[in-house]
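In what follows, a structure is listed as structure tokens, so that the remarks can point back to it.
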Amino acid sequence: MKSPEDVSVREQIFHDRVRETIICVLLFICLYIVSYLVITHYKKNSEFTTDDSEDATVNKIALWLCTFTLSVSMGAVLLLPLAILSNEVLLSFPQSYYMQWLNGSLIHGLWNLVFLFSNFSLVFLLPFAYFFTESEGFAGSKKGVMARVYETGVVLLLLSLLVFGMVWVASALLYDNTARETLHDLWEYYLPYLYSCISLFGVLLLLLCTPLGLSRMFSVTGSLLVKPRLLEDVDDTLSCAEFEEASLSRKLIRGTSCWMNLSAKVLRDQYVSTRARRVALEMRRRASPWQRNLGYPFAMLLLLALTVLCVLNVCFYVLELLFDETAMPRGMEDPLLGTASFSMFGSLGATVQVILILYLMISSVVGFYSSPLFTGLRPQAQDTTLTQIIGNSVSLLVLSSALPVFSRTLGITRFDLLGDFGRYNWLGNFHVVVLYNILFAGLTSACLMNTFTWTVQRELIRAFGLHKLPLTVSRSAVPLRLLLANGISKIH
């Protein structure tokens, strides 16, 4: 007969598992609702209201799979911030009864679930969604949704065999004896190797997109805020813009005059630019004096401080790697939360780490959509096709699932990777980690210098009135003495 102590321990374990399951389910439901609202805002409604009920059903199923994938991506983004903040909360309230649900078992379970679902979505769900929308059923079979399911399943099976064959060939070339001895050891060797390759691709993509996004964040934020204009009469400028917009609108309605050699396309472009300028002037007039004069400089200084802090943190981490081998990123099986802070500055440092991680993720997304290679995937409100939604889901999943490894590799946080995130083969390579940090710091500095150089040059050109030069004249060919002479004449 079992003792009462054994029964109480079993009951405690059971209640802990039930509590963790409920928390995970509630968190996933919240993320799924947010993801559904985001995708609904961007999806093209005409693809889901077609006369063909079969196509509409297929598109809805594919949309549900994309929503599930986006919710997993959001969960991957929140992994490190939740873990870091949970540790600080347990340090601040070590004896609180209401905070005992924040434990290492819950955080470890969340990491394992996100790792499982992210790879499951990337390897199976998203390819299934794409092939499902493109399938029509086998020739001679009865048409319907199930016929498309059968065709998609066969295509996925063939694709899986092709991918695992390529993985086996790659592992055989790199690790000759090991690959041939473990040909049937699919779960223990080939799947982790495939996940390691996918994570390496995601981290390399973050290396390219994040520096570009850090430099683009200034222009993107500036377009959302009201820029200060010290010597500008907003009302007069707005009146001129309204008169110009009305004039162009009348010309477009009546047609081009015989004495003006302008095409309708040029007039339309002028009308769109004038209308955008009028909307910006209205926004500036509605803004409060504090927002007009202090909001934009404060936002620019904040972005500059966060970017400089990221670069300095990476440089300090490179120096730490040269003198301390224990600073290398590694896996952690049993997280001991509530024992010590992951920052030398305590709760303030941990909060800064969370802000930097989220800032890097936002910058990577901005850089990804700003890159010329991926501008075609940029979503448009109520005008994004289902194929573009699937492509965006794949891209965001790759970026977000690589964010924990990316943040730990750059030394943004000292929270070691949990579960299978720490099993990647290349994480223990000292030369790869150091080279990665040096490339990130160099690319970020180069992008920032290029951005600020062009910004200063553009403002100087506008200040000296050289932006009114004809387009056939190259402004880069204007000599410096002409700039100075024009500026001195304006002063006089």
Side-chain angles (χ1 to χ4, degrees), residues 73 76-77 79-81 115 118-119 122 193-218 220 303 306-322 327-330 353 355-375 377-378 391-392 394-417 421-451:
S73 302
V77 172
L79 277 181
L80 270 179
F115 181 84
S118 61
N119 289 282
L122 192 62
Y193 186 80
L194 179 61
Y195 299 157
S196 180
C197 295
I198 295 174
S199 71
L200 180 61
F201 174 75
V203 172
L204 292 178
L205 187 61
L206 285 173
L207 177 63
L208 298 177
C209 295
T210 307
L212 178 61
L214 289 173
S215 60
R216 286 282 299 165
M217 283 291 291
F218 295 91
V220 172
L303 291 178
L306 290 175
T307 306
V308 171
L309 189 60
C310 288
V311 176
L312 292 179
N313 188 88
V314 171
C315 295
F316 178 76
Y317 183 61
V318 170
L319 295 177
E320 186 179 3
L321 287 174
L322 296 177
M328 287 284 295
R330 62 182 185 273
Q353 289 180 4
I355 294 174
L356 289 180
I357 291 171
L358 298 178
Y359 177 61
L360 288 176
M361 184 61 202
I362 296 173
S363 302
S364 65
V365 174
V366 172
F368 177 81
Y369 288 116
S370 301
S371 175
L373 298 176
F374 306 107
T375 51
L377 287 176
R378 186 180 302 171
N392 281 280
V394 173
S395 304
L396 293 177
L397 181 60
V398 171
L399 292 175
S400 59
S401 59
L403 180 65
V405 184
F406 175 72
S407 303
R408 184 61 185 94
T409 305
L410 294 180
I412 302 298
T413 179
R414 295 299 187 269
F415 188 87
D416 287 318
L417 303 172
F421 280 94
R423 295 178 59 187
Y424 299 135
N425 300 330
W426 52 272
L427 279 177
N429 193 316
F430 172 79
H431 301 285
V432 171
V433 174
V434 172
L435 180 62
Y436 188 88
N437 282 267
I438 294 175
L439 286 176
F440 177 82
L443 290 175
T444 304
S445 303
C447 290
L448 288 177
M449 290 178 61
N450 185 44
T451 300

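As the structure is a computational prediction, the values presented were derived from the model and not from experiment.
Once rounded to the nearest 0.5 Å, the distance linking SG of C310 with CD1 of I357 reads 10.0 Å. Taken from NE2 in H431 to CG in L321, the straight-line distance is 12.0 Å, to the nearest 0.5 Å. T210 OG1 to I362 CD1: the interatomic distance, rounded to the nearest 0.5 Å, is 12.0 Å. Atom-to-atom distance recorded for C315:SG and F440:CZ is 10.0 Å, nearest 0.5 angstrom.
For the pair L80/R408, no side-chain contact is recorded, criterion being any heavy-atom separation below 4.5 Å from C-beta on. Between L214 and C447 the shortest side-chain heavy-atom distance does not fall below 4.5 Å. Between T444 and L448, some side-chain heavy-atom pair lies under the 4.5 Å cut-off. Within the 4.5 Å cutoff, the side chain of L399 has no heavy atoms near those of the V77 side chain. Under the 4.5 Å side-chain criterion, counting only non-hydrogen atoms from C-beta, L403 is in contact with F406. For the pair N313/L410, no side-chain contact is recorded, criterion being any heavy-atom separation below 4.5 Å from C-beta on.
Evaluation of the side-chain hydrogen bond (donor to acceptor under 3.5 Å, both in side chains) test over residues 360-373, restricted to residues two or more places apart or in two chains, returns R216-S370, Y369-N392. Residue pairs that meet the salt bridge (Lys or Arg N to Asp or Glu O under 4.0 Å) test with at least one member in residues 313-322, sequence neighbours left out, are E320-R414.
With sequence neighbours left out, S395 forms a side chain to side chain contact (heavy atoms under 4.5 Å, CB included) with F368, L377. L208 is linked by a side chain to side chain contact (heavy atoms under 4.5 Å, CB included) to nothing, counting only residues two or more places apart in sequence or in another chain. Applying the side chain to side chain contact (heavy atoms under 4.5 Å, CB included) test to L312 and every residue at least two apart in sequence or in another chain returns V308. With sequence neighbours excluded, the residues satisfying side chain to side chain contact (heavy atoms under 4.5 Å, CB included) with L306 are L302, I355, L356, Y359.
Listed here is the closest heavy atom pair of T375 and P372: OG1-O, 3.4 Å. Contact detail for L303 and M217: the closest heavy-atom pair is CD1-O, 3.6 Å.
Using modelled atom types, no side-chain atom of S445 and backbone atom of G442 make a donor-acceptor pair closer than 3.5 Å. A side-chain donor-acceptor contact under 3.5 Å links S118 to the backbone of F115.
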Practice problem: Step by step, work out the side chain to side chain contact (heavy atoms under 4.5 Å, CB included) result for L207 and V203. | Solution: CA-CA 6 Å; L207 177 63; V203 172; 5.8 Å; no

